[in-house]
Amino acid sequence: MAPILLNTMGTDHSDYIEEEVVHVKNPHLDSMEEDILYHFDLGTKTHNLPEMFGDIKFVCVGGSANRMRSFAQFIHQELGLPGDVADIMDICAGTDRYSMYKVGPVLSISHGMGVPSISIMLHEMIKLLHHARCRDVNLFRIGTSGGVGLAPGTVVITDKAVDSFFQPQFEQVVLGKVIIRSTELDKGLAEELLQCSTEIPNLPTAIGNTMCTHDFYEGQGRLDGALCSFSTEEKLEYLHKAYEAGVRNIEMESTVFAAMCHVCGLKAAVVCVTLLNRFEGDQINTPHEVLLEYQQRPQWLVSHFIKKRLGLIQ
Ligand code: R2B
Ligand code: URA
């Protein structure tokens, strides 16, 4: 592959680097006359995707539509871009499934809760990056989680995304058969993020494994759901086993996010703040304002990373 000069981000970065394209792994796509990204209300015939999205270098995804709009407004200010934050429009306004905001080289997209929801979004987002001929894209999931042995408010950078059996893999059922995919994330990106965290005051940060479950209640060993078939001791035994396996937080999307990015050659990282310490309870009873501040912490970290990459800070 021919080397390219990375000169599209207003930096004086003059190293020649290998260009990294987005690989879709579907031979059928080439023979399709049109690709409709249904849940985004976008398509290859109705929209000029290279013109709209070709300069994207950072994609940030998170569960809530409001949070991803706030992130877009925040990053707009942080990058010192011209114009009013009130004018940042939802590109997916034609559908209420996901929200998407573009701010310079940053795309901010909501993905809802859980593996099925984020997985649909990722299929269409990866195809979008492919159709738009984007290069050298970094992806971040910025979210919330339950901490395992960490103080609430700690930001966890994921080392390995693991399933409920603490395995670094994602199981996808395809045509009645189980396909197992690796959930390997980009080590360099995680280390760079950890370095960034040391440059931001008052940002408690840890690196550790993130367990992804298919449920918030029984699946995460909570005693406070509508159903519960285990004792407090059994819950704590499971959480201690998780801790011993290196798990430091629990959420609901990281394994499929890591697996799909890995297959498609996308550098990805997961950065989630912990809202509580699961050794101490299950209910999230922290005041609303405190939770709002916690939720901004992954945004601060990723924004710092982006500004450094763009040469806006040292
Ligand atoms: C974290 O928070 C949500 C559940 O409250 C879920 O989307 C996740 O991964
Ligand atoms: N999100 C989760 O999935 N679990 C928690 O405990 C908190 C947020």
Side-chain angles (χ1 to χ4, degrees), residues 60-71 97-99 108-122 125 139-158 160-164 166 170 183 185 204 206 208-228 230 232 235-236 238-240 242-243 247-261 268-288 290-299 301-302:
C60 302
V61 306
S64 129
N66 280 336
R67 184 152 40 83
M68 295 322 285
R69 188 187 54 232
S70 304
F71 176 69
R97 297 299 187 184
Y98 305 109
S99 293
S108 173
I109 318 176
S110 68
H111 58 61
M113 284 191 285
V115 163
S117 181
I118 193 175
S119 144
I120 296 168
M121 189 283 284
L122 288 170
M125 185 265 285
L139 273 100
F140 304 90
R141 163 162 149 70
I142 45 177
T144 58
S145 62
V148 183
L150 294 176
T154 307
V155 173
V156 179
I157 300 165
T158 303
K160 292 193 187 85
V162 300
D163 63 15
S164 304
F166 319 135
F170 174 69
T183 54
L185 288 158
N209 294 347
T210 296
M211 180 163 78
C212 176
T213 67
H214 292 295
D215 171 48
F216 182 82
Y217 287 99
E218 289 181 289
Q220 295 189 5
R222 277 189 156 80
L223 299 163
D224 61 343
L227 313 177
C228 185
F230 47 85
T232 305
K235 162 196 157 174
L236 289 174
Y238 181 64
L239 291 183
H240 279 289
Y243 189 89
V247 171
R248 293 295 176 271
N249 65 339
I250 310 175
E251 48 76 91
M252 299 178 60
E253 294 87 14
S254 59
T255 50
V256 72
F257 172 78
M260 289 182 69
C261 290
V270 178
V271 182
C272 291
V273 70
T274 62
L275 302 182
L276 75 170
N277 179 358
R278 290 298 315 287
F279 284 135
E280 274 156 24
D282 296 332
Q283 295 255 301
I284 301 177
N285 48 21
T286 308
H288 187 66
V290 178
L291 289 179
L292 282 181
E293 195 267 338
Y294 285 173
Q295 289 179 31
Q296 288 171 7
R297 294 181 179 190
Q299 304 188 10
L301 182 54
V302 169

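First listed ligand is number 1; within each ligand, the first listed atom is number 1.
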query: Using a 4.0 angstrom limit on heavy atoms, which residues are close to ligand 2?
result: Thr144, Ser145, Gly146, Phe216, Gln220, Arg222, Ile250, Glu251, Met252, Leu276, Ile284

From [X] [atom1] over to [Y] [atom2], what is the distance, rounded to the nearest 0.5 angstrom?
| X | Y | atom1 | atom2 | answer |
| --- | --- | --- | --- | --- |
| Ser164 | Gln220 | OG | CD | 8.5 Å |
| Arg97 | Ile120 | CZ | CD1 | 8.0 Å |
| Met252 | Met211 | CE | CE | 11.5 Å |
| Arg248 | Asn209 | CZ | CG | 8.0 Å |
| Thr274 | Asn249 | OG1 | CG | 7.5 Å |
| Tyr217 | Leu227 | OH | CG | 11.5 Å |

Pair Phe170 + Phe257: ring centers closer than 6.0 Å: no

task: Quick one: sort the Phe279 and His240 rings into parallel, tilted or perpendicular, breaks at 30° and 60°.
output: parallel

Do any nitrogen or oxygen atoms of ligand 1 lie under 3.5 Å from a protein nitrogen or oxygen, and which ones?
unit_1   : atom_1 : unit_2 : atom_2 : d
ligand 1 : 2 (O)  : Thr144 : OG1    : 3.1
ligand 1 : 7 (O)  : Glu253 : OE2    : 2.6
ligand 1 : 9 (O)  : Arg141 : NH2    : 3.2
ligand 1 : 9 (O)  : Met252 : N      : 2.8
ligand 1 : 9 (O)  : Glu253 : OE1    : 2.5
ligand 1 : 9 (O)  : Glu253 : OE2    : 3.4

- prompt: Per the side chain to side chain contact (heavy atoms under 4.5 Å, CB included) rule, which among Gln295, Arg297, Met68 passes with Ile142?
  reply: Met68

